Amino acid sequence: MDSESNSMVVMVLVLIGGFTVLFYMLKWSWKCWCGFRVYVLSNFWQVNLKAYGQWAVVTGATSGIGKAYAYELARRGLDIVLVSRSIDKLHAVAKEIEDKHGRQTHIIQTDFTEGHHIYPAIAEALRDLEIGILVNNVGMNYSETLVHFLDIPNPEQRTTHVINCNILSVTQMTTLILPRMVEREKGLIINMSSEAGAQPQPMLSLYSATKIFVTYFSRALNSEYKSRGITVQCVAPFMVSTNMTQHLPPSLLLKSASEFACEALNTVGYSSYTSGCVAHALQHIALSVFFPGWLRLSSYFVKQTEKFALSMQKKVDEMKERSACKQD
Ligand SMILES: NC(=O)c1ccc[n+]([C@@H]2O[C@H](COP(=O)([O-])OP(=O)(O)OC[C@H]3O[C@@H](n4cnc5c(N)ncnc54)[C@H](OP(=O)(O)O)[C@@H]3O)[C@@H](O)[C@H]2O)c1
């Protein structure tokens, strides 16, 4: 090769390199800007949630994330329909919301594990209400800790319950409420997925699969109905301190339910798929970089997950022991 063709090759390589660097710089700048909008700007300018309609319906509203959403929505001026299993807790939360925020409440007692037959009664209870917001929050896991599929306690019944609670509730509540939102050309549906649905998670196999259902359903529904005035937002949190996580103490990475609900509601209108808060968004990025899909599905990773499950169980047992000692 003569020196002229050599310099041509070098020039082409420099151009390719330059464009690649520019492409990645633009890509990452765009991602940083989007993250900044969703998790920082959203704390200063929020959508007026009252504009969607008078009532917000929250499933699984008597503890954890659902209760925190119910409180936060009431604080932002909506009347709340609380849907959960335990009547005493429903009355207690409804009273707290009425006393603290001066909003109206309705309660609906139901058990979402029971399947199709519960929905006509829910439809009847919601018939005359102008529902602006539906929060499909209810969800359950099948074990206190991470377990292999065959170690799920009472598997025939438990797996059906998980599917009814995590999947059927989302589709049926949407079927009940979306038509009137479409008529009014206004409405917000928030569906609670999980970081566990972002990738297949060994030792959380069924839970993880139910959550990817929620994610796909929400994202597809959002694009079908956004031109008709409906927003469907999918929220995929990491760990939040609730019953489901054995009330592990909140920290920089593990959010309290009230902080989480407040930050996540701020992101409405900014993103249709969100981790809910900046701490969880950063953990999502870290996890996908350091633990890519192929690694998470490897036998090595499953072994590590087993060890992690054991150490988590120990921590939880210690916490339970400590709180039992305090009560004595
Ligand atoms: N906590 C986390 O770290 C985390 C992370 C990612 C995603 N999520 C998702 O966030 C959602 C809420 O989780 P959470 O941690 O707040 O749960 P939680 O603390 O266990 O609260 C669950 C709520 O749902 C109600 N509920 C449970 N089973 C029910 C049933 N069969 N029928 C009717 N109501 C039922 C409970 O009411 P009763 O008390 O009356 O039974 C309670 O109000 C779930 O979809 C979960 O998958 C949670």
Side-chain angles (χ1 to χ4, degrees), residues 57-72 80-94 96-97 107-115 117-119 121-122 134-146 157-158 160-170 172-173 190-199 201 204 206-215 217-218 233-251 253-261 264 274-277 279-281 283-284 287 312 316:
V57 176
V58 185
T59 66
T62 48
S63 68
I65 298 173
K67 180 175 169 185
Y69 264 81
Y71 273 63
E72 190 56 31
I80 310 291
V81 182
L82 305 152
V83 193
S84 252
R85 195 169 34 183
S86 138
I87 193 72
D88 294 343
K89 289 191 206 167
L90 279 165
H91 281 303
V93 175
E96 275 177 52
I97 288 178
I107 57 173
I108 301 176
Q109 183 196 14
T110 198
D111 186 340
F112 284 107
T113 60
E114 285 178 8
H117 74 90
I118 62 169
Y119 293 97
I122 299 179
L134 164 64
V135 184
N136 277 316
N137 161 77
V138 74
M140 62 190 280
N141 199 352
Y142 32 81
S143 162
E144 281 194 349
T145 176
L146 301 158
Q157 190 200 53
R158 196 76 175 160
T160 308
H161 282 179
V162 170
I163 290 168
N164 285 346
C165 192
N166 296 11
I167 296 182
L168 193 67
S169 72
V170 178
Q172 293 306 301
M173 291 303 292
I190 297 174
N191 291 334
M192 203 54 65
S193 178
S194 166
E195 175 64 26
Q199 297 267 356
Q201 296 294 331
L204 264 182
L206 177 61
Y207 178 77
S208 158
T210 62
K211 291 303 179 181
I212 193 62
F213 171 90
V214 174
T215 300
F217 179 66
S218 312
Q233 186 191 52
C234 179
V235 181
F238 234 84
M239 286 175 91
V240 179
S241 175
T242 66
N243 291 336
M244 192 179 265
T245 50
Q246 321 286 322
H247 290 284
L248 286 168
S251 64
L253 301 179
L254 197 150
K255 284 280 177 178
S256 73
S258 52
E259 272 179 338
F260 178 79
T274 171
S275 299
C277 63
H280 290 186
Q283 288 178 80
H284 170 75
L287 209 69
M312 286 290 280
V316 169

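Treat the numbers as computed from the prediction; the structure is a model and nothing was measured. Ligands are counted one by one from 1 in listed order, and the atoms in each one are counted from 1 as well.
Ser86 and Asp88 are not linked by any side-chain donor-acceptor pair at a separation below 3.5 angstrom, with hydrogens and angles left out of the test.
Side-chain N or O atoms of Ser241 include none that pairs as donor or acceptor with a backbone N or O of Lys255 at under 3.5 Å. Side-chain atoms of Ser208 come within 3.5 Å of backbone atoms of Ala196 as a donor-acceptor pair (strictly under, hydrogens ignored). The backbone N or O of Thr215 sits nowhere less than 3.5 Å from a side-chain atom of Asn191 that would complete a donor-acceptor pair. When atom types are taken as modelled, the side chain of Glu195 and the backbone of Pro237 share no donor-acceptor pair closer than 3.5 angstrom.
The side chain to side chain contact (heavy atoms under 4.5 Å, CB included) with Ser169 is formed by just one residue from the set Val138, Asn137, Val83; it is Val138.
Contact residues of ligand 1 (protein heavy atom closer than 4.0 angstrom to a ligand atom; sorted by chain and number): Gly60, Ala61, Thr62, Ser63, Gly64, Ile65, Ser84, Arg85, Ser86, Lys89, Thr110, Asp111, Phe112, Thr113, Asn137, Val138, Gly139, Met192, Ser193, Ser194, Tyr207, Lys211, Pro237, Phe238, Met239, Val240, Thr242, Asn243, Met244, Thr245.
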